Amino acid sequence: MAFDPNDLELRKDPLRFFIELSRNSPSITTFRFASGQEIVFLNHPDLIREVLIERADKFHKSEMTRAFAGGMGHGILVSEGEFWKQQSRLIRPAFHYKRLLGYAEVMSRFTLEMLEEWQDGEVRRIDEDMNALTLRVVAKCMFNVEAKDDREIMHQAIVLGQQVVGRMIHGWFTDPHWTPSLNRAGVRVVRALNDMVQRHIAFRRERGDLGDDLLSMLMEAQQQPGVQMSERQLRDEVLTIITAGLETTANALIWTWYLLDQHPEVKAKLQAEVDALGELPNFENLHRLPYLDQVFKEALRLYPPVWVIGRETVEELELGGMKLPPKTQIVLCQWATHRDPRFFEHPDEFIPERWTAEFEKQLPRGAYFPFSLGPRVCTGQSFATTEFKIIVATTLQRFDLELAQSPQIKPEPNFTLWVGGGLKMRVRARGRS
Ligand code: HEM
(Lines give C-alpha, C1' and ligand atoms only; values in the text may rest on other atoms or scores of the structure.)
Protein backbone atom coordinates (compact mmCIF):
# COMPACT_ATOMS: atom_id res chain seq x y z
CA MET A 1 0.00 0.00 0.00
CA ALA A 2 1.22 3.52 -0.80
CA PHE A 3 2.59 5.44 2.17
CA ASP A 4 0.14 8.06 3.45
CA PRO A 5 1.65 10.18 6.26
CA ASN A 6 -1.86 11.28 7.27
CA ASP A 7 -3.29 7.80 7.72
CA LEU A 8 -4.71 7.79 11.26
CA GLU A 9 -3.97 4.12 11.95
CA LEU A 10 -0.33 4.68 10.99
CA ARG A 11 -0.16 7.81 13.14
CA LYS A 12 -1.33 5.85 16.18
CA ASP A 13 1.92 3.89 15.82
CA PRO A 14 4.74 6.48 15.67
CA LEU A 15 7.45 3.79 15.40
CA ARG A 16 5.89 2.33 12.26
CA PHE A 17 5.22 5.87 11.04
CA PHE A 18 8.93 6.77 11.18
CA ILE A 19 10.02 3.51 9.55
CA GLU A 20 7.61 4.10 6.66
CA LEU A 21 8.62 7.76 6.43
CA SER A 22 12.31 6.86 6.30
CA ARG A 23 11.82 4.19 3.63
CA ASN A 24 10.00 6.76 1.50
CA SER A 25 12.51 9.57 1.98
CA PRO A 26 16.15 8.54 2.18
CA SER A 27 17.50 11.96 3.12
CA ILE A 28 15.23 14.85 4.18
CA THR A 29 11.47 15.38 4.10
CA THR A 30 8.65 17.05 6.02
CA PHE A 31 5.49 15.84 7.72
CA ARG A 32 2.90 17.51 9.91
CA PHE A 33 1.77 16.87 13.45
CA ALA A 34 -2.03 16.62 13.83
CA SER A 35 -2.10 20.31 14.80
CA GLY A 36 -0.71 21.19 11.35
CA GLN A 37 2.76 22.07 12.67
CA GLU A 38 5.40 21.18 10.08
CA ILE A 39 8.31 18.96 11.14
CA VAL A 40 11.48 18.28 9.15
CA PHE A 41 12.64 14.67 9.27
CA LEU A 42 16.29 13.76 8.58
CA ASN A 43 17.32 10.30 7.57
CA HIS A 44 20.81 10.50 6.19
CA PRO A 45 24.08 10.22 8.15
CA ASP A 46 25.54 13.30 6.39
CA LEU A 47 22.62 15.46 7.53
CA ILE A 48 22.48 13.89 11.00
CA ARG A 49 26.19 14.71 11.41
CA GLU A 50 25.66 18.22 10.13
CA VAL A 51 22.99 18.89 12.77
CA LEU A 52 24.56 17.08 15.73
CA ILE A 53 28.25 17.74 15.10
CA GLU A 54 29.40 19.98 12.27
CA ARG A 55 26.89 22.82 12.65
CA ALA A 56 25.72 21.99 16.18
CA ASP A 57 25.81 25.66 17.22
CA LYS A 58 23.09 26.44 14.66
CA PHE A 59 20.60 24.13 16.37
CA HIS A 60 18.94 24.15 19.79
CA LYS A 61 16.91 21.45 21.51
CA SER A 62 13.42 21.29 19.98
CA GLU A 63 9.99 22.18 21.35
CA MET A 64 9.40 18.43 21.62
CA THR A 65 12.50 17.89 23.75
CA ARG A 66 11.56 20.81 26.00
CA ALA A 67 8.06 19.38 26.39
CA PHE A 68 9.45 15.88 27.17
CA ALA A 69 11.72 17.41 29.78
CA GLY A 70 9.01 19.72 31.18
CA GLY A 71 8.63 17.98 34.56
CA MET A 72 12.38 18.16 35.17
CA GLY A 73 12.45 21.93 34.70
CA HIS A 74 15.37 23.53 32.88
CA GLY A 75 18.30 21.25 33.53
CA ILE A 76 21.33 20.52 31.35
CA LEU A 77 19.30 18.48 28.87
CA VAL A 78 17.47 21.56 27.60
CA SER A 79 19.69 24.53 28.50
CA GLU A 80 21.60 26.31 25.72
CA GLY A 81 24.52 28.61 24.96
CA GLU A 82 26.87 29.93 27.64
CA PHE A 83 24.64 28.70 30.45
CA TRP A 84 24.71 25.13 29.08
CA LYS A 85 28.52 25.39 28.84
CA GLN A 86 28.74 26.41 32.50
CA GLN A 87 26.42 23.61 33.66
CA SER A 88 28.15 21.05 31.49
CA ARG A 89 31.54 22.09 32.91
CA LEU A 90 30.18 21.64 36.44
CA ILE A 91 28.39 18.34 35.84
CA ARG A 92 30.83 16.45 33.61
CA PRO A 93 33.49 15.92 36.34
CA ALA A 94 30.98 13.74 38.21
CA PHE A 95 31.22 11.34 35.25
CA HIS A 96 35.01 11.41 35.04
CA TYR A 97 36.69 8.10 34.26
CA LYS A 98 38.33 8.00 37.72
CA ARG A 99 34.97 8.22 39.44
CA LEU A 100 33.56 5.29 37.51
CA LEU A 101 35.68 2.95 39.59
CA GLY A 102 33.70 3.82 42.73
CA TYR A 103 30.39 3.83 40.88
CA ALA A 104 31.14 0.36 39.49
CA GLU A 105 31.49 -0.99 43.05
CA VAL A 106 28.05 0.38 43.91
CA MET A 107 26.60 -1.11 40.71
CA SER A 108 28.07 -4.50 41.52
CA ARG A 109 26.98 -4.45 45.18
CA PHE A 110 23.40 -3.44 44.38
CA THR A 111 23.16 -6.06 41.61
CA LEU A 112 24.29 -8.79 44.00
CA GLU A 113 21.78 -7.58 46.60
CA MET A 114 19.00 -7.76 44.01
CA LEU A 115 20.06 -11.29 43.01
CA GLU A 116 20.05 -12.43 46.64
CA GLU A 117 16.32 -11.77 46.64
CA TRP A 118 15.71 -13.88 43.55
CA GLN A 119 14.37 -17.39 44.28
CA ASP A 120 15.34 -20.24 41.98
CA GLY A 121 12.47 -20.98 39.57
CA GLU A 122 10.26 -17.98 40.39
CA VAL A 123 8.67 -15.72 37.79
CA ARG A 124 9.67 -12.07 38.19
CA ARG A 125 8.74 -8.77 36.59
CA ILE A 126 12.19 -8.13 35.18
CA ASP A 127 11.19 -4.63 34.05
CA GLU A 128 10.38 -3.71 37.64
CA ASP A 129 13.63 -5.25 38.90
CA MET A 130 15.70 -3.31 36.34
CA ASN A 131 13.88 -0.03 37.04
CA ALA A 132 14.35 -0.44 40.80
CA LEU A 133 18.03 -1.36 40.41
CA THR A 134 18.95 1.49 38.06
CA LEU A 135 17.06 3.97 40.25
CA ARG A 136 18.97 2.75 43.30
CA VAL A 137 22.28 3.04 41.43
CA VAL A 138 21.75 6.54 40.05
CA ALA A 139 20.31 7.88 43.33
CA LYS A 140 23.28 6.53 45.30
CA CYS A 141 26.09 7.37 42.84
CA MET A 142 24.92 10.86 41.95
CA PHE A 143 23.17 12.06 45.09
CA ASN A 144 24.03 9.65 47.86
CA VAL A 145 20.31 9.00 48.41
CA GLU A 146 19.53 5.58 49.81
CA ALA A 147 16.23 5.95 51.68
CA LYS A 148 13.44 3.79 50.30
CA ASP A 149 10.87 6.57 50.79
CA ASP A 150 12.91 8.93 48.64
CA ARG A 151 13.25 6.31 45.95
CA GLU A 152 9.49 5.79 46.04
CA ILE A 153 8.93 9.51 45.40
CA MET A 154 11.32 9.37 42.44
CA HIS A 155 9.62 6.25 41.16
CA GLN A 156 6.17 7.86 41.30
CA ALA A 157 7.47 10.93 39.52
CA ILE A 158 8.88 8.78 36.76
CA VAL A 159 5.63 6.83 36.35
CA LEU A 160 3.78 10.14 36.14
CA GLY A 161 6.27 11.49 33.62
CA GLN A 162 5.71 8.41 31.48
CA GLN A 163 1.94 8.94 31.48
CA VAL A 164 2.31 12.59 30.55
CA VAL A 165 4.81 11.90 27.75
CA GLY A 166 2.70 8.98 26.44
CA ARG A 167 -0.30 11.33 26.11
CA MET A 168 1.92 13.98 24.54
CA ILE A 169 3.18 11.71 21.76
CA HIS A 170 -0.31 10.41 21.03
CA GLY A 171 -1.63 14.00 20.99
CA TRP A 172 1.04 15.27 18.60
CA PHE A 173 0.35 12.53 16.09
CA THR A 174 -3.42 12.16 16.27
CA ASP A 175 -5.24 15.06 17.97
CA PRO A 176 -5.44 18.49 16.27
CA HIS A 177 -6.71 20.14 19.47
CA TRP A 178 -4.41 18.53 21.98
CA THR A 179 -2.63 20.66 24.62
CA PRO A 180 -0.37 19.35 27.40
CA SER A 181 -1.67 19.50 30.98
CA LEU A 182 -0.86 18.07 34.40
CA ASN A 183 -3.70 16.73 36.56
CA ARG A 184 -3.95 17.17 40.32
CA ALA A 185 -2.20 13.88 41.09
CA GLY A 186 0.61 15.04 38.82
CA VAL A 187 0.98 18.35 40.60
CA ARG A 188 1.18 16.48 43.94
CA VAL A 189 3.92 14.17 42.69
CA VAL A 190 6.01 17.03 41.29
CA ARG A 191 5.64 18.88 44.60
CA ALA A 192 6.75 15.81 46.56
CA LEU A 193 9.80 15.53 44.34
CA ASN A 194 10.68 19.19 44.77
CA ASP A 195 10.30 18.91 48.54
CA MET A 196 12.54 15.87 48.62
CA VAL A 197 15.35 17.57 46.71
CA GLN A 198 15.02 20.73 48.84
CA ARG A 199 15.19 18.57 51.98
CA HIS A 200 18.45 17.01 50.85
CA ILE A 201 19.96 20.38 50.00
CA ALA A 202 18.87 21.89 53.35
CA PHE A 203 20.20 18.87 55.27
CA ARG A 204 23.64 19.18 53.72
CA ARG A 205 23.74 22.93 54.34
CA GLU A 206 22.80 22.42 57.98
CA ARG A 207 25.44 19.76 58.51
CA GLY A 208 28.00 21.88 56.70
CA ASP A 209 29.45 18.64 55.34
CA LEU A 210 28.74 18.42 51.67
CA GLY A 211 30.33 15.09 50.75
CA ASP A 212 31.63 14.02 47.39
CA ASP A 213 28.67 13.39 45.08
CA LEU A 214 27.20 15.34 42.17
CA LEU A 215 24.75 17.27 44.33
CA SER A 216 27.63 18.38 46.58
CA MET A 217 29.73 19.35 43.57
CA LEU A 218 26.89 21.52 42.29
CA MET A 219 26.25 23.05 45.72
CA GLU A 220 29.92 23.92 46.05
CA ALA A 221 29.96 25.38 42.56
CA GLN A 222 27.12 27.72 43.54
CA GLN A 223 29.61 29.50 45.79
CA GLN A 224 32.24 29.97 43.07
CA PRO A 225 32.67 33.50 41.72
CA GLY A 226 31.02 33.95 38.35
CA VAL A 227 28.79 30.88 38.63
CA GLN A 228 25.08 31.65 38.27
CA MET A 229 23.00 28.82 39.67
CA SER A 230 19.78 29.35 41.60
CA GLU A 231 18.31 26.88 44.10
CA ARG A 232 15.70 26.02 41.49
CA GLN A 233 18.40 25.32 38.90
CA LEU A 234 20.11 22.99 41.34
CA ARG A 235 16.84 21.10 41.76
CA ASP A 236 16.29 20.93 38.01
CA GLU A 237 19.75 19.46 37.44
CA VAL A 238 19.09 16.77 40.06
CA LEU A 239 15.79 15.80 38.45
CA THR A 240 17.32 15.82 34.98
CA ILE A 241 20.16 13.49 35.87
CA ILE A 242 17.87 11.08 37.70
CA THR A 243 15.38 10.94 34.84
CA ALA A 244 18.00 10.85 32.07
CA GLY A 245 19.96 8.17 33.87
CA LEU A 246 17.25 5.85 34.99
CA GLU A 247 14.73 4.92 32.31
CA THR A 248 17.32 4.88 29.54
CA THR A 249 19.61 2.31 31.15
CA ALA A 250 16.70 0.30 32.57
CA ASN A 251 15.14 -0.04 29.12
CA ALA A 252 18.44 -1.01 27.52
CA LEU A 253 18.66 -3.81 30.10
CA ILE A 254 15.04 -4.91 29.76
CA TRP A 255 15.27 -5.17 25.97
CA THR A 256 18.53 -7.08 26.29
CA TRP A 257 16.98 -9.72 28.55
CA TYR A 258 14.21 -10.11 26.00
CA LEU A 259 16.63 -10.34 23.08
CA LEU A 260 18.84 -12.89 24.85
CA ASP A 261 15.81 -15.06 25.51
CA GLN A 262 14.81 -14.90 21.85
CA HIS A 263 18.36 -15.81 20.73
CA PRO A 264 19.51 -18.78 22.81
CA GLU A 265 22.73 -19.12 20.79
CA VAL A 266 23.72 -15.55 21.72
CA LYS A 267 22.81 -16.12 25.36
CA ALA A 268 24.87 -19.34 25.50
CA LYS A 269 27.90 -17.59 23.97
CA LEU A 270 27.58 -14.71 26.41
CA GLN A 271 27.16 -17.05 29.36
CA ALA A 272 30.34 -18.87 28.34
CA GLU A 273 32.17 -15.53 28.19
CA VAL A 274 31.04 -14.32 31.63
CA ASP A 275 31.75 -17.75 33.16
CA ALA A 276 35.26 -17.74 31.72
CA LEU A 277 35.91 -14.44 33.47
CA GLY A 278 36.25 -16.53 36.61
CA GLU A 279 35.55 -13.63 38.98
CA LEU A 280 32.94 -10.99 39.65
CA PRO A 281 32.66 -8.43 36.85
CA ASN A 282 34.20 -5.11 37.89
CA PHE A 283 35.40 -1.93 36.24
CA GLU A 284 38.88 -3.30 35.55
CA ASN A 285 37.90 -6.62 34.00
CA LEU A 286 35.01 -5.50 31.75
CA HIS A 287 37.41 -5.21 28.80
CA ARG A 288 37.74 -9.01 28.99
CA LEU A 289 34.09 -9.28 27.88
CA PRO A 290 34.23 -8.31 24.17
CA TYR A 291 31.10 -10.26 23.22
CA LEU A 292 29.14 -8.39 25.89
CA ASP A 293 30.26 -5.17 24.21
CA GLN A 294 28.90 -6.42 20.87
CA VAL A 295 25.61 -7.45 22.53
CA PHE A 296 25.34 -3.98 24.11
CA LYS A 297 25.87 -2.19 20.79
CA GLU A 298 23.44 -4.43 18.94
CA ALA A 299 20.73 -4.12 21.61
CA LEU A 300 21.04 -0.32 21.48
CA ARG A 301 20.80 -0.47 17.70
CA LEU A 302 17.59 -2.50 17.60
CA TYR A 303 15.93 -0.97 20.65
CA PRO A 304 17.50 2.46 21.20
CA PRO A 305 16.17 3.70 24.57
CA VAL A 306 16.26 7.26 23.20
CA TRP A 307 14.42 6.52 19.98
CA VAL A 308 14.10 10.09 18.70
CA ILE A 309 16.03 13.36 19.03
CA GLY A 310 14.63 16.83 18.34
CA ARG A 311 16.35 20.04 17.32
CA GLU A 312 15.23 23.47 16.10
CA THR A 313 17.05 25.95 13.89
CA VAL A 314 18.46 29.00 15.68
CA GLU A 315 18.52 31.07 12.48
CA GLU A 316 17.53 30.73 8.85
CA LEU A 317 19.76 28.18 7.15
CA GLU A 318 19.99 25.68 4.34
CA LEU A 319 20.00 21.98 5.10
CA GLY A 320 19.99 19.15 2.56
CA GLY A 321 18.81 21.55 -0.15
CA MET A 322 15.93 22.92 1.94
CA LYS A 323 15.75 26.48 3.19
CA LEU A 324 14.66 26.40 6.83
CA PRO A 325 13.41 29.48 8.71
CA PRO A 326 14.40 30.05 12.37
CA LYS A 327 12.65 27.76 14.88
CA THR A 328 12.03 25.02 12.31
CA GLN A 329 11.41 21.80 14.24
CA ILE A 330 13.64 18.88 13.23
CA VAL A 331 13.42 15.20 14.11
CA LEU A 332 16.17 12.56 13.92
CA CYS A 333 14.96 9.06 14.69
CA GLN A 334 17.38 6.41 15.96
CA TRP A 335 14.62 3.81 15.74
CA ALA A 336 14.34 4.31 11.95
CA THR A 337 17.98 5.07 11.04
CA HIS A 338 19.34 2.14 13.09
CA ARG A 339 17.05 -0.18 11.08
CA ASP A 340 17.96 1.24 7.70
CA PRO A 341 19.04 -1.50 5.24
CA ARG A 342 21.46 0.95 3.56
CA PHE A 343 23.70 0.73 6.64
CA PHE A 344 22.78 -2.53 8.37
CA GLU A 345 22.40 -5.85 6.58
CA HIS A 346 19.38 -7.80 7.86
CA PRO A 347 18.43 -4.68 9.81
CA ASP A 348 15.65 -6.25 11.90
CA GLU A 349 17.78 -9.15 13.06
CA PHE A 350 19.73 -9.30 16.31
CA ILE A 351 23.30 -10.08 15.23
CA PRO A 352 25.88 -8.94 17.83
CA GLU A 353 28.65 -10.44 15.69
CA ARG A 354 28.19 -7.66 13.11
CA TRP A 355 30.02 -5.24 15.47
CA THR A 356 33.56 -5.98 14.33
CA ALA A 357 36.26 -3.30 14.13
CA GLU A 358 36.03 -3.39 10.30
CA PHE A 359 32.26 -2.95 10.37
CA GLU A 360 32.51 0.03 12.71
CA LYS A 361 35.18 1.57 10.52
CA GLN A 362 33.04 1.49 7.38
CA LEU A 363 29.77 2.48 9.13
CA PRO A 364 29.04 6.12 8.23
CA ARG A 365 29.20 8.34 11.30
CA GLY A 366 25.60 9.42 11.89
CA ALA A 367 24.05 6.04 10.98
CA TYR A 368 24.26 4.86 14.60
CA PHE A 369 23.78 7.34 17.44
CA PRO A 370 22.15 5.78 20.52
CA PHE A 371 23.89 8.31 22.80
CA SER A 372 23.65 11.12 20.22
CA LEU A 373 26.86 12.69 18.83
CA GLY A 374 28.75 15.96 19.04
CA PRO A 375 28.81 18.50 21.85
CA ARG A 376 25.41 17.46 23.27
CA VAL A 377 26.35 13.76 23.42
CA CYS A 378 25.01 11.90 26.47
CA THR A 379 26.90 12.93 29.60
CA GLY A 380 26.24 9.53 31.15
CA GLN A 381 27.47 7.34 28.27
CA SER A 382 30.37 5.72 30.15
CA PHE A 383 28.32 5.47 33.33
CA ALA A 384 25.49 3.71 31.45
CA THR A 385 27.88 1.41 29.57
CA THR A 386 29.60 0.34 32.79
CA GLU A 387 26.30 -0.13 34.59
CA PHE A 388 24.78 -2.16 31.76
CA LYS A 389 27.78 -4.47 31.54
CA ILE A 390 28.13 -5.02 35.28
CA ILE A 391 24.44 -5.79 35.71
CA VAL A 392 24.18 -8.16 32.72
CA ALA A 393 27.45 -10.01 33.41
CA THR A 394 26.86 -10.38 37.16
CA THR A 395 23.29 -11.57 36.64
CA LEU A 396 24.23 -14.04 33.90
CA GLN A 397 26.97 -15.58 36.03
CA ARG A 398 24.32 -16.51 38.58
CA PHE A 399 20.97 -16.83 36.82
CA ASP A 400 19.43 -17.99 33.61
CA LEU A 401 16.41 -15.91 32.54
CA GLU A 402 13.60 -17.34 30.41
CA LEU A 403 10.55 -15.56 29.10
CA ALA A 404 7.40 -16.50 31.08
CA GLN A 405 4.87 -14.77 28.82
CA SER A 406 4.00 -14.42 25.16
CA PRO A 407 7.04 -13.35 23.10
CA GLN A 408 4.84 -10.87 21.18
CA ILE A 409 6.07 -7.66 22.78
CA LYS A 410 5.20 -4.25 21.45
CA PRO A 411 7.76 -1.49 21.87
CA GLU A 412 6.06 1.62 23.20
CA PRO A 413 7.54 4.98 22.29
CA ASN A 414 7.57 7.17 25.38
CA PHE A 415 10.26 9.44 26.83
CA THR A 416 12.28 6.27 26.18
CA LEU A 417 11.42 3.08 24.32
CA TRP A 418 9.47 0.81 26.69
CA VAL A 419 8.59 -2.83 26.70
CA GLY A 420 4.82 -2.49 26.49
CA GLY A 421 3.06 -4.34 29.32
CA GLY A 422 6.25 -5.22 31.19
CA LEU A 423 8.44 -8.34 31.01
CA LYS A 424 7.81 -11.50 33.02
CA MET A 425 10.70 -13.94 33.19
CA ARG A 426 11.46 -17.14 35.08
CA VAL A 427 14.81 -16.96 36.85
CA ARG A 428 16.81 -20.15 37.43
CA ALA A 429 19.92 -20.27 39.59
CA ARG A 430 22.93 -21.46 37.59
CA GLY A 431 24.60 -23.26 40.46
CA ARG A 432 27.68 -21.05 40.72
CA SER A 433 28.75 -18.93 43.60
C1 HEM B 1 21.67 3.37 27.76
C2 HEM B 1 21.54 4.48 28.47
C3 HEM B 1 21.46 5.88 27.91
C4 HEM B 1 21.14 6.30 26.64
C5 HEM B 1 20.79 5.45 25.43
C6 HEM B 1 21.22 7.74 26.64
C7 HEM B 1 21.00 8.54 25.54
C8 HEM B 1 21.09 9.93 25.52
C9 HEM B 1 20.87 10.76 24.36
C10 HEM B 1 20.50 10.26 22.97
C11 HEM B 1 21.05 12.05 24.74
C12 HEM B 1 20.92 13.29 23.84
C13 HEM B 1 19.49 13.79 23.90
C14 HEM B 1 19.24 14.98 23.02
O15 HEM B 1 20.12 15.44 22.31
O16 HEM B 1 18.10 15.49 23.05
C17 HEM B 1 21.39 12.05 26.14
C18 HEM B 1 21.68 13.17 26.89
C19 HEM B 1 21.98 13.15 28.23
N20 HEM B 1 22.12 12.03 29.03
FE21 HEM B 1 21.93 10.12 28.45
N22 HEM B 1 21.56 8.17 27.91
C23 HEM B 1 21.74 7.07 28.71
C24 HEM B 1 22.11 7.05 30.03
C25 HEM B 1 22.38 8.17 30.78
C26 HEM B 1 22.81 8.15 32.17
C27 HEM B 1 23.04 6.90 33.00
C28 HEM B 1 22.93 9.46 32.58
C29 HEM B 1 23.31 10.03 33.91
C30 HEM B 1 23.40 9.35 35.04
C31 HEM B 1 22.61 10.30 31.42
C32 HEM B 1 22.64 11.66 31.42
C33 HEM B 1 22.43 12.46 30.30
C34 HEM B 1 22.50 13.92 30.33
C35 HEM B 1 22.83 14.79 31.54
C36 HEM B 1 22.23 14.35 29.02
C37 HEM B 1 22.20 15.81 28.51
C38 HEM B 1 23.56 16.17 27.91
C39 HEM B 1 23.60 17.59 27.34
O40 HEM B 1 22.63 18.04 26.71
O41 HEM B 1 24.64 18.23 27.51
N42 HEM B 1 22.28 9.47 30.37
N43 HEM B 1 21.41 10.74 26.59
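By convention here, the first residue in the shown sequence is residue 1. Quick caveat: nothing in here was measured; it's all calculated off a predicted structure.
Nearest heavy atom pair, residue Lys267 against residue Leu401, reads NZ-O, 2.9 Å.
Within 6.0 Å of NE2 on His263 lie more than 12 heavy atoms contributed by other residues, nucleotides or ligands. In this structure, Glu345 places its CD atom where only 12 or fewer heavy-atom neighbours from other residues, nucleotides or ligands lie under 6.0 Å away. Remark: Arg23 CZ is packed, more than 12 non-hydrogen atoms of other residues, nucleotides or ligands lying under 6.0 Å away. More than 12 heavy atoms of other residues, nucleotides or ligands lie within 6.0 Å of NZ in Lys297, so this atom counts as buried by the packing criterion.
With respect to Arg49 and Glu54, a salt bridge is recorded, a charged nitrogen being found less than 4.0 Å from a carboxylate O. Using a 4.0 Å cut-off between charged side-chain N and carboxylate O, Lys140 and Asp213 make no salt bridge. Using a cut-off of 4.0 Å between Lys/Arg side-chain N and Asp/Glu carboxylate O, Glu318 and Lys323 are scored as not salt-bridged. Ion pair Lys410/Asp13 flagged as a salt bridge, since at least one NZ, NE, NH1 or NH2 atom sits closer than 4.0 Å to an Asp/Glu carboxylate oxygen. Ion pairing of Arg376 with Glu80 is present here, as a side-chain N (NZ or NE/NH1/NH2) and a carboxylate O approach within less than 4.0 Å.
For Thr337 (side chain) and Gln334 (main-chain N/O), no donor-acceptor pair under 3.5 Å exists by modelled atom type. Remark: side-chain polar atoms of Thr394 are not paired, donor with acceptor, to backbone N or O of Ile391 under 3.5 angstrom. Between the side chain of Ser230 and the backbone N or O of Gln233, at least one donor-acceptor pair lies under 3.5 Å. With Glu63 contributing its side chain and Gln329 its backbone, the two residues share no donor-acceptor pair below 3.5 Å. Looking only at distances, no side-chain donor or acceptor of Thr313 sits under 3.5 Å from a matching main-chain atom of Glu316. Distance alone, capped at 3.5 Å, is enough to place a donor-acceptor pair between the Lys61 side chain and the Leu77 backbone. Although no hydrogens or angles enter the test, the distance criterion places no donor-acceptor pair under 3.5 Å between the side chain of Glu387 and the main chain of Met107. Within the 3.5 Å criterion, the main-chain N or O of Ala139 finds no donor-acceptor partner in the side chain of Arg151.
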Problem - Stepwise side-chain contact (heavy atoms from CB on, under 4.5 Å) check, Phe415 with Thr243 - result: CA-CA 10 Å; Phe415 175 63; Thr243 318; 3.8 Å; yes
Handout entry: Evaluation steps, side-chain contact (heavy atoms from CB on, under 4.5 Å), between Phe173 and Leu8
Key = CA-CA 8 Å; Phe173 277 91; Leu8 190 61; over 6 Å; no
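Of the N and O atoms on the side chains of Gln87 and Glu237, at least one donor lies less than 3.5 Å from an acceptor on the other residue. Neither side chain, Thr385 nor Ser382, offers a donor N or O lying under 3.5 Å from an acceptor on the other.
Residues meeting the side chain to side chain donor-acceptor pair (under 3.5 Å) test with Gln362, sequence neighbours left out: none. For Phe31, the ring-ring contact (aromatic ring centres under 6.0 Å, His included) partners are Phe17, Phe18, Phe33, not counting sequence neighbours. The ring-ring contact (aromatic ring centres under 6.0 Å, His included) test applied to Phe371 returns no partner, not counting sequence neighbours. Under the rule for a side chain to side chain donor-acceptor pair (under 3.5 Å), the partners of Trp355 that lie at least two apart in sequence or sit in another chain are Glu298. Applying the side chain to side chain donor-acceptor pair (under 3.5 Å) criterion to Lys327, with sequence neighbours excluded, gives no partner residue.
Aromatic rings from His338 and Phe369 are positioned such that their centres are separated by under 6.0 Å.
Tyr303 carries Arg339 over the face of its six-membered ring, with the cationic atom under 6.0 Å from the centre and within 45° of the normal. With Phe59 as the aromatic partner, Arg311 does not meet the cation-pi criteria of under 6.0 angstrom to the ring centre and within 45 degrees of the ring axis. For the pair Arg354 and Phe344, the cation-pi criterion (under 6.0 Å, within 45° of the ring axis) is not fulfilled.
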Side-chain donor-acceptor distances from residues 246-253 under 3.5 Å, at least two apart:
| from | atom 1 | to | atom 2 | distance (Å) |
| --- | --- | --- | --- | --- |
| Glu247 | OE1 | Thr416 | OG1 | 2.7 |
| Glu247 | OE1 | Trp418 | NE1 | 3.4 |
| Thr248 | OG1 | Ala244 | O | 2.6 |
| Thr249 | OG1 | Gly245 | O | 3.2 |
| Asn251 | ND2 | Glu247 | O | 3.2 |
| Asn251 | ND2 | Thr416 | OG1 | 2.7 |

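Taking CE from Met229 and CG from Leu234, the interatomic distance works out to 6.0 Å, rounded to the nearest 0.5 Å.
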